[in-house]
Peer 1: 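One structure follows; several queries about it will come next.
On a predicted model such as this, the values are computed, not experimentally measured, just so you know. Chain letters run A, B, ... following the sequence lines, proteins first and then strands; every chain starts at 1.
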Amino acid sequence: MKRTLISELSEKIGERVRIRGWVHTVRDQKRVQFLVIRDESGLAQVVAAKEEPPSELNEAVSALTAESAVTVVGTVIADDRVNLGGLEVRLEELQVDSLADAELPIALDSALDKRMDWRYLDLRRPDRRLIFEVQTTAEHAMREFWHREKFIELHTPKFMGSASESGAELFKVEYFDREAYLAQSPQFYKQMAIAAGLGKVFEVGPVFRANPSFTSRHDTEFTSVDVEIAWIDSHDDVMAFEEQWLAHVLARVKETHGADIEETFGSEVVVPALPFPRVTLERAKQLLRERGHEAPGPLDDLDPPSERALSAIVSEQQGHEFTFVTDYPTTVRPFYHMRHADRPELTKSFDLLWRGIELTTGAQREHRYEQLLAQAEDKGVDVGPIQYYLDFFRFGAPPHGGFGFGLTRLLMQLLGQDNVREVTFLYRGPHRLEP
RNA sequence: GGGGGCGUAGCUCAGCAGGUUAGAGCGCUGCCCUGUCACGGCAGAGGUCGCGGGUUCGAGUCCCGUCGCUCCCGCCA
């Protein structure tokens with residue numbers, strides 16, 4: 001007999017069905033037994049009259065434990081007394097596919113770290129499933145847009161012979177008789193694709209950061225969304241692409257899950273207006289000062305409290321959740337970010353803030369070999385190990401730029417969660433390698 | 001790496017200025033209950049109070065160390 005999803009039961013009233021799922025609750029009374037079965041589509045009540053003495057079926061129901069995996073055969077009956085959709089399944093056969101231990105190690109209100117220990121139980125909660133449905137929709141919408149715009153999808157190697165950026169946050173691994181590093185970014189390789197003439201490229205893939213970061217928005221392995229575009233005139237072209245792409249993604253998420261997200265997580269999905277507000281770092285600092293926010297920390301960057309404050313100011317003044325902050329000084333940007341011709345101390349770079357958190361870093365890249373070399377030396381970068389990268393720009397490289405984008409940070413903000421661990425299937429952090 | 005908070009039953013927590021057998025709710029086990037729907041009722045089991053030292057007549061409670069968790073900062077996506 002074919003399996004019926006619980007969401008389809010209302011179309012099968014009077015029919016015999018086979019449903020498969022988990023025991024949500026057991027209410028074993030004197031005269032009647034109720035089971036609530038949960039599958040990926042919903043909850044359903046299953047009922048069995050108790051016989052005197054109890055039948056084998058009654059005994060089997062009594063022996064069930066919560067979260068056991070079961071297969072139930074019965075007849076669908078409409079009954080107004082039932083709160084769950086006004087229908088129930090009259091139990092005829094019960095097969096216990098896997099009996100769960102009686103006592104579960106976590107509850108609905110368990111602490112995050114404990115829930116991480118038992119992630120597969122944590123994820124059985126229906127509202128957690130929505131997280132990954134939204135992720136699926138968001139990624140699909142991203143690809144939809146890229147595909148329409150004729151982007152090429154990349155799969156770059158995650159083993160590297162040398163650092164792709166700073167070098168301070170690399171995981172070192174054994175690689176036969178030498179050492180290799182886990183890629184902390186596909187940065188160099190997506191630029192290589194530009195030098196290779198692929199035009200516009202993207203990659204959705206894992207990146208590894210050996211930072212001992214203990215915050216709600218960092219992990220040591222996460223899914224990075226990377227984009228690189230050739231033949232641009234400036235970083236403005238990159239921002240223009242990103243805002244259209246993101247607006248498309250959020251529109252798709254809203255139309256598919258907007259109501260569910262609001263109901264489940266109390267977070268409204270807002271499709272952003274175009275263009276997004278843009279503000280230079282200089283102007284951002286000025287805005288913050290005007291509004292009485294003392295921007296502490298380094299003078300040439302925004303610390304997290306300042307980013308939150310800036311987002312709040314822009315939201316209040318312009319009614320927009322997104323803010324591009326542009327033109328960061330060379331001191332806080334990598335050597336390959338292109339510098340402004342008229343103000344060489346500033347880069348043609350940007351960050352994208354959403355609801356107070358950093359979602360993206362992007363820039364126009366320096367594609368002129370001599371200039372790139374000079375900037376590397378200026379930043380004190382040892383060019384020896386990255387000569388292969390510099391070589392990309394020796395045989396005709398188009399002007400280009402792109403951005404890196406944190407997928408889990410998007411999801412966290414989208415679903416009003418306060419921690420990336422909630423929206424990561426399996427979190428990896430400095431002290432978390434299991435399960 | 002720096003700073004704050006926390007670590008007591010399976011889970012979530014309470015625990016007085018240090019003082020006799022360490023508590024609650026949920027869960028679990030057993031019994032009872034004509035349809036429940038977070039079912040309800042009664043009873044019961046379950047804890048080296050993270051670990052190691054120290055102070056004290058006496059420490060879950062104070063001190064030191066250590067491990068773990070958590071948040072913020074740094075770093076970044």
Peer 1: When you compare B:C13 with B:U70, how far apart are their P atoms, in angstrom units rounded to a whole number?
Peer 2: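 It works out to 14 Å between them.
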
Peer 1: In sequence, state the C-alpha distance, the side-chain angles, and the governing distance for A:Arg339 and A:Glu345, and then conclude on salt bridge (charged side-chain N to carboxylate O under 4.0 Å, His left out).
Peer 2: CA-CA 7 Å; A:Arg339 299 175 179 185; A:Glu345 76 279 12; over 6 Å; no

Peer 1: At under 4.0 Å between heavy atoms, what does A:Leu108 touch on the DNA or RNA strands: base, sugar-phosphate, or nothing?
Peer 2: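 Result for A:Leu108 = nothing.
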
Peer 1: Taking only the P atom of each, what is the distance from B:G50 to B:A45 in whole angstrom?
Peer 2: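 Going atom to atom, P in each nucleotide, I get 24 Å.
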
Peer 1: Measure the distance from CZ on A:Arg125 to C1' on B:A38 and round it to the nearest whole Å.
Peer 2: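 Checked: the CZ to C1' distance equals 14 Å.
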
Peer 1: Rounded to the nearest Å, what distance is computed from the CD atom of residue A:Gln184 to the C1' atom of nucleotide B:C75?
Peer 2: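 Nearest whole value for this atom pair: 12 Å.
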
Peer 1: Between B:C72, B:A77, B:C71, which nucleotide gets closest to the side-chain atoms of A:Arg308?
Peer 2: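 Looking only at side-chain atoms, A:Arg308 lies closest to B:C72.
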
Peer 1: Just to be sure I understand the rule, does A:Asp351 reach a base, reach only the sugar-phosphate, or reach nothing, if contact means heavy atoms closer than 4.0 Å?
Peer 2: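 It contacts nothing in the nucleic acid.
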
Peer 1: Which nucleotide in the list B:G35, B:G74, B:A77 gets nearest to the side chain of A:Phe34?
Peer 2: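 For A:Phe34, the side-chain atoms sit closest to B:G35.
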
Peer 1: Contact class for A:Asp28 vs. all strands (heavy atom < 4.0 Å): base, sugar-phosphate, or nothing?
Peer 2: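 Base contact.
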
Peer 1: So, applying ring-ring contact (aromatic ring centres under 6.0 Å, His included) with A:Phe276, which one of A:Trp245, A:Phe241, A:Phe324 is it?
Peer 2: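 Of the listed residues A:Trp245, A:Phe241, A:Phe324, the ring-ring contact (aromatic ring centres under 6.0 Å, His included) partner of A:Phe276 is A:Phe324.
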
Peer 1: Using a heavy-atom cut-off of under 4.0 Å over every strand shown, decide if A:Arg421 touches base, sugar-phosphate, or nothing.
Peer 2: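 Answer is sugar-phosphate: A:Arg421 comes under 4.0 Å of backbone atoms only.
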
Peer 1: Which listed nucleotide (B:A77, B:C76, B:G35) is nearest to the side chain of A:Arg90?
Peer 2: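 My answer, after comparing the listed nucleotides, is B:G35.
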
Peer 1: Please state the P separation for the pair B:U21 and B:C67 - nearest whole angstrom.
Peer 2: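 It works out to 34 Å between them.
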
Peer 1: Should B:U29 form a Watson-Crick or G-U wobble pair with both distances under 3.5 Å, which nucleotide is its partner?
Peer 2: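 Its partner is B:A43.
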
Peer 1: Would you classify A:Ala111 as touching base, sugar-phosphate or nothing, given that sugar-phosphate means primed atoms plus P, OP1 and OP2, and contacts are heavy atoms under 4.0 Å?
Peer 2: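 Sugar-phosphate contact only - A:Ala111 comes under 4.0 Å of backbone atoms but never of a base.
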
Peer 1: With no angle test and no hydrogens, is the base of B:G27 tied to the side chain of A:Glu103 by a donor-acceptor pair under 3.5 Å?
Peer 2: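 Side chain to base: pair present.
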
Peer 1: Roughly how many Å apart are B:G7 and B:U12, using the P atom of each and rounding to a whole number?
Peer 2: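 Per the computed distance, 12 Å lies between those P atoms.
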
Peer 1: Taking donor-acceptor contacts at under 3.5 Å, does the side chain of A:Arg409 reach the base of B:C76?
Peer 2: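 Pair found.
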
Peer 1: Give me the distance, rounded to whole Å, that separates B:A14 from B:A22 when you measure between the C1' atoms they each carry.
Peer 2: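 The answer is 11 Å between these two C1' atoms.
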
Peer 1: What is the base-pairing partner of B:G1, counting Watson-Crick and G-U wobble geometry with both distances under 3.5 Å?
Peer 2: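 Paired with B:C73.
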
Peer 1: Rounded to the nearest Å, what distance is computed from the CG atom of residue A:Asp226 to the P atom of nucleotide B:A77?
Peer 2: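 So the CG-P distance, A:Asp226 to B:A77, works out to 9 Å.
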
Peer 1: Roughly, in whole Å, what's the span from CG in A:Asp79 to P in B:U36?
Peer 2: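 A:Asp79 atom CG is separated from B:U36 atom P by 11 Å.
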
Peer 1: On RNA chain B, does the nearest nucleotide to A:Leu407 precede the nearest nucleotide to A:Leu104 from the 5' side, or the other way round? Give the residue.
Peer 2: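 Whichever sits nearer the 5' end wins; that is A:Leu104.
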
Peer 1: Within the supplied structure, the quantity of interest is the number of heavy atoms (other residues, nucleotides, ligands) at a distance under 6.0 Å from A:Trp118 CH2; does it exceed 12?
Peer 2: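 Incorrect, the count does not exceed 12.
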
Peer 1: Should the heavy atoms of other residues, nucleotides or ligands under 6.0 Å from CD of A:Glu59 be counted, would the total exceed 12?
Peer 2: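 Yes, enclosed.
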
Peer 1: Could you check how far NZ of A:Lys114 sits from P of B:G50, rounded to whole Å?
Peer 2: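 The distance from NZ of A:Lys114 to P of B:G50 comes to 12 Å, rounded to the nearest Å.
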
Peer 1: Could you tell me whether A:Asp109 contacts a base, only the sugar-phosphate backbone, or nothing, with contacts defined as non-hydrogen atoms closer than 4.0 Å?
Peer 2: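 Counting heavy atoms under 4.0 Å across all strands, the contact made by A:Asp109 is with sugar-phosphate only.
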
Peer 1: Using the C1' atom as the point on both nucleotides, what is the distance between B:G30 and B:G68, in whole Å?
Peer 2: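 Result for the C1' pair: 37 Å, nearest Å.
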
Peer 1: Does atom CD of A:Glu263 have more than 12 heavy-atom neighbours from other groups under 6.0 Å away?
Peer 2: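 Counting neighbours around CD of A:Glu263, 12 or fewer heavy atoms of other residues, nucleotides or ligands fall under 6.0 Å, so no.
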
Peer 1: Have a look at A:Ser216 and say if it touches a base, only the backbone sugar-phosphate, or nothing, with a 4.0 Å heavy-atom cut-off.
Peer 2: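 Counting heavy atoms under 4.0 Å across all strands, the contact made by A:Ser216 is with sugar-phosphate only.
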
Peer 1: Between the base of B:C75 and the side chain of A:Ser213, is there a donor and acceptor pair under 3.5 angstrom?
Peer 2: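 When only heavy-atom distances are counted, A:Ser213 does reach the base of B:C75 through a donor-acceptor pair under 3.5 Å.
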
Peer 1: For A:Glu144 and A:His248, what are the C-alpha separation, side-chain angles and deciding distance, and is it a side chain to side chain donor-acceptor pair (under 3.5 Å)?
Peer 2: CA-CA 9 Å; A:Glu144 210 171 41; A:His248 172 75; 2.9 Å; yes

Peer 1: Which value, in whole Å, describes the distance between the P atoms of nucleotides B:U29 and B:G65?
Peer 2: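 45 Å, rounded to whole Å.
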
Peer 1: Just compare B:U29, B:C76, B:G74 and give me whichever is closest to any side-chain atom of A:Ala102.
Peer 2: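 Per side-chain heavy atoms of A:Ala102, the pick is B:U29.
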
Peer 1: The side chain of A:Pro305 lies closest to which of these nucleotides: B:A77, B:C73, B:A38?
Peer 2: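 Nearest nucleotide to the side chain: B:C73.
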
Peer 1: Expressed in angstrom and rounded to an integer, what is the separation of A:Phe214 atom CZ from B:G68 atom C1'?
Peer 2: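 Spelled out: CZ on A:Phe214 to C1' on B:G68 is 11 Å.
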
Peer 1: If we call it a pair only when both distances are under 3.5 Å in a Watson-Crick or G-U wobble match, what pairs with B:G65?
Peer 2: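 Pairing partner: B:C51.
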
Peer 1: When only distance counts, do a donor and an acceptor, one from the side chain of A:Gln29 and one from the base of B:G40, lie under 3.5 Å apart?
Peer 2: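 Under the 3.5 Å cut-off, the side chain and the base do not form any donor-acceptor pair.
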
Peer 1: What is the nucleic acid contact for A:Val82, judged by heavy atoms within less than 4.0 Å: base, sugar-phosphate only, or nothing?
Peer 2: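 Base contact.
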
Peer 1: Does A:Pro105 reach a base, just sugar-phosphate, or nothing at all? Heavy atoms under 4.0 Å.
Peer 2: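 Answer is sugar-phosphate: A:Pro105 comes under 4.0 Å of backbone atoms only.
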
Peer 1: Quick one: which of B:C33, B:G74, B:C11 gets closest to the side chain of A:Lys30?
Peer 2: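 From the listed options, B:C33 comes nearest.
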
Peer 1: Measure from the ring centre of A:Phe222 to the centre of the six-membered ring in the base of B:A77, then say whether that distance is under 5.5 Å and the planes meet at under 30°.
Peer 2: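 Per 5.5 Å and 30° rule: yes, stacked.
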
Peer 1: Let me know which of A:Asp378, A:Asp301, A:Asp351 forms a salt bridge (charged side-chain N to carboxylate O under 4.0 Å, His left out) with A:Arg333.
Peer 2: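 The option that passes is A:Asp351.
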
Peer 1: Ignoring hydrogens and geometry beyond distance, is a side-chain donor-acceptor pair present between A:Thr360 and A:Glu242 at under 3.5 Å?
Peer 2: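 Checked: A:Thr360/A:Glu242 side chains pair up, N/O donor to acceptor below 3.5 Å.
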
Peer 1: Could you check how far CD of A:Gln45 sits from C1' of B:A38, rounded to whole Å?
Peer 2: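 Computing the A:Gln45:CD to B:A38:C1' distance gives 14 Å.
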
Peer 1: Rounded off to whole Å, could you give me the CG-to-P distance for the A:Leu353 and B:C76 pair?
Peer 2: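 Rounded to the whole Å, the gap is 15 Å.
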
Peer 1: Which whole number of Å gives the distance between the C1' atom of B:G4 and that of B:A77?
Peer 2: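 It works out to 26 Å between them.
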
Peer 1: Find the distance between CZ (A:Phe335) and CD (A:Glu377) and round it off to the nearest 0.5 Å.
Peer 2: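 If I round to the nearest 0.5 Å, the distance is 11.0 Å.
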
Peer 1: Please tell me which of the listed nucleotides, B:C69, B:C28, B:G35, lies nearest to the side chain of A:Asp113?
Peer 2: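 So the nucleotide nearest the side chain must be B:C69.
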
Peer 1: Do A:His431 and B:C69 share a donor-acceptor pair, side chain to base, under 3.5 Å?
Peer 2: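 By the distance-only test, no, there is no pair.
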
Peer 1: Which is true for A:Glu88 with a 4.0 Å heavy-atom rule: it touches a base, it touches only sugar-phosphate, or it touches nothing?
Peer 2: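 Counting heavy atoms under 4.0 Å across all strands, the contact made by A:Glu88 includes a base.
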
